[in-house]
Amino acid sequence: MMTNHGNRITQGQFSFLPDLTDAQITSQIKYALKSGWAVSVEYTDDPHPRNTYWDMFGMPMFDLKDPAGILMEINNCRKTFPNHYIRVMAFDSSRGWETPRMSYIVNRPKKEPGFGLSRQESDGRSIRYTVHSYATDKPEGERY
Amino acid sequence: MSHTEKAGKGGGGITLPDDVLVDLEAEFKVSNIQEVLDKLDRELVGLKPVKTRIREIAALLLVDRLRKQFELTSETPTLHMSFTGNPGTGKTTVALRMAEILHRLGYVREGHLVAVTRDDLVGQYIGHTAPKTKEVIKKAMGGVLFIDEAYYLYKPENERDYGQESIEILLQVMENNRDDLVVILAGYKDKMDRFFDSNPGMRSRVAQHVDFPDYSSDELMAIAKLMLGSQNYCFSPAGERAFREYIPLRMKLEHFANARSIRNALDRARLRQANRLFAGRKNKLTKNDLVTIEADDVLASRVFQDGQLDAGPES
């Protein structure tokens, strides 16, 4: 998308900022843990904005006191999927169900080809628009 | 120019010149360790060698912190410990205090204690152990991981036992995440020695070995009084004499678990006291009646009659 120079996808928190350092990620996790939220790590190679459910990297982590354990999982996930999108989510269960409170990307592919806009001509002369990720032209696992 | 370069070298921290005096006393006061040590003295009877060791460890860490101000970098001391001793000698309680001391000195960030046994670490089928152990480790990060009866992790008679996998993950974390958590292994002395002999990697990563001695009968009496006091009970003079007789008799019997056996004996004495009050059908009871353990409540124990253990929970 030409409006997004640098071709970086912008989803979740902090996505217009430069990549977070580990120290910054740690203090964000600390905030989540202090608020009593469960933190989990998820990854995907399909960055379409409507792809809400990413793959879980292990279970969400409950009852943690210190961010070091989560940072360890993030680094494990980075090692396993160095060229995937990885995000950290924090869930709040205080309302009786798990509510996403935080979601931010902590790892992204080196080259992000971005999205194309496709037009479909339908009844009459009306046009339907949709966005299409160039990366998903290739099969899963070979996208980045 | 050279001055700014030198300042940059410190990596953010301020290095003190060689001749500056640092105040050990002030540092000691700031860390508030004395409070924890006092609490340890107050709450735990006896255990002289343990208290001395804890004091030594605290001193080492404190001095280490002062050395850091002069940039005398010694490696972060290995803090993983092994607590050996018979059951009921206060290993868990001391571990709790240890977590607090380490927290006050800034060697662990949160200072909580996660107490686990083999069941919490080792899985039941292939591929179950690693996530289970890792989950426990993640929970303990920033605090102290207390592994009770750690020798059960290693079962040499079963080569397919998953305990070994758990030990390997622990070893890795104990080495790589030394800043994140402190591991305390606890158990009987002889079994722990055997465990360390068969796991040299574990032995070399555990620096502090603390041995918990058994309590003497006088110490056990003091513990009994402390326990009763915290539950708002007390002995009558005759009751105290009876319990003083009870302790050496109980110590000779099997399954003697130091302070834990004393607690169980007191629980049973309370039961008999309640029964006595109820059977007496005295409608008017004074406060004194309700809090006093009489000699009869203690002497009714089977330990006195035929030298056998009382029925009921015993450990």
Side-chain angles (χ1 to χ4, degrees), chain A residues 20-43 54-82 84 86-94 98 101-104 106-107, chain B residues 11-13 76 79-80 95-96 98-100 102-116 120-121 123 125 127-147 165-166 168-184:
Chain A
L20 298 183
T21 64
D22 278 8
Q24 289 167 330
I25 294 170
T26 304
S27 41
Q28 292 300 335
I29 298 171
K30 208 179 274 172
Y31 171 74
L33 293 179
K34 286 269 173 310
S35 316
W37 302 335
V39 180
S40 73
V41 180
E42 300 182 338
Y43 65 94
W54 294 18
D55 295 295
M56 294 198 297
F57 189 80
M59 304 294 279
M61 287 163 266
F62 300 98
D63 306 328
L64 262 62
K65 289 253 162 57
D66 190 79
I70 296 161
L71 198 69
M72 193 172 80
E73 281 303 312
I74 293 173
N75 284 328
N76 279 346
C77 188
R78 281 173 173 160
K79 217 186 283 168
T80 321
F81 302 106
H84 279 51
I86 299 173
R87 73 179 174 193
V88 173
M89 302 196 70
F91 292 96
D92 180 4
S93 63
S94 59
E98 297 285 352
R101 287 292 202 139
M102 299 179 86
S103 167
Y104 48 94
V106 294
N107 192 67
Chain B
T76 315
L79 292 168
H80 305 308
L96 257 172
M98 199 69 224
E100 210 170 314
L102 292 175
H103 178 51
R104 299 221 167 165
L105 285 169
Y107 282 90
V108 294
R109 287 185 295 266
E110 301 291 331
H112 59 291
L113 182 88
V114 176
V116 296
D120 302 295
L121 294 168
Y125 43 85
H128 190 201
T129 305
K132 225 175 156 180
T133 305
K134 278 191 188 139
E135 194 179 322
V136 168
I137 288 170
K138 278 187 271 179
K139 275 182 197 163
M141 275 190 173
V144 172
L145 177 63
F146 181 78
I147 306 177
E165 195 183 343
S166 184
E168 271 154 33
I169 295 170
L170 276 172
L171 285 179
Q172 204 187 333
V173 169
M174 283 162 82
E175 193 60 42
N176 300 341
N177 300 59
R178 257 188 291 173
D179 300 338
D180 292 327
L181 89 164
V182 170
V183 178
I184 298 181

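Naming convention: chains lettered A, B, ... in sequence-line order (proteins, then strands); numbering from 1 in each chain. Excluded from the calculations below are hydrogen atoms, water molecules and symmetry mates; all remaining heavy atoms, backbone and side chain alike, are included.
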- Item | Option in B:P131, B:A140, B:G142 with maximal non-hydrogen atom pairs under 4.5 Å from chain A |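 Greatest number of close heavy-atom pairs with chain A: B:G142.
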Quick one: [atom1] on [X] to [atom2] on [Y], what's the gap to the nearest 0.5 Å?
| X | Y | atom1 | atom2 | result |
| --- | --- | --- | --- | --- |
| A:L33 | B:E110 | CG | CD | 8.5 Å |
| B:D180 | A:M72 | CG | CE | 8.5 Å |
| A:M61 | B:K139 | CE | NZ | 11.5 Å |

- B:K138 to A:L64 - nearest heavy-atom pair and separation: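 Residues B:K138 and A:L64, closest heavy atoms: O-CG, 3.6 Å.
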- Query: If you take all heavy atoms of B:M141 and A:D66, which pair is closest and at what distance?
  - Reply: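 So the minimum-distance heavy-atom pair works out to O-CB, 2.9 Å.
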- Query: Do other residues, nucleotides or ligands put more than 12 heavy atoms under 6.0 Å from A:Y31 OH?
  - Reply: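 Not buried by this count: 12 neighbours or fewer within 6.0 Å.
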- Should the heavy atoms of other residues, nucleotides or ligands under 6.0 Å from NZ of A:K65 be counted, would the total exceed 12?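 Check fails, neighbour count at 12 or below.
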- Message: Taking side chain as everything from C-beta outward and backbone as N, CA, C, O, which of these in B:D179 sits under 4.5 Å from a heavy atom of chain A? Side chain, backbone, both or neither.
- Response: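 No part of B:D179 comes within 4.5 Å of chain A.
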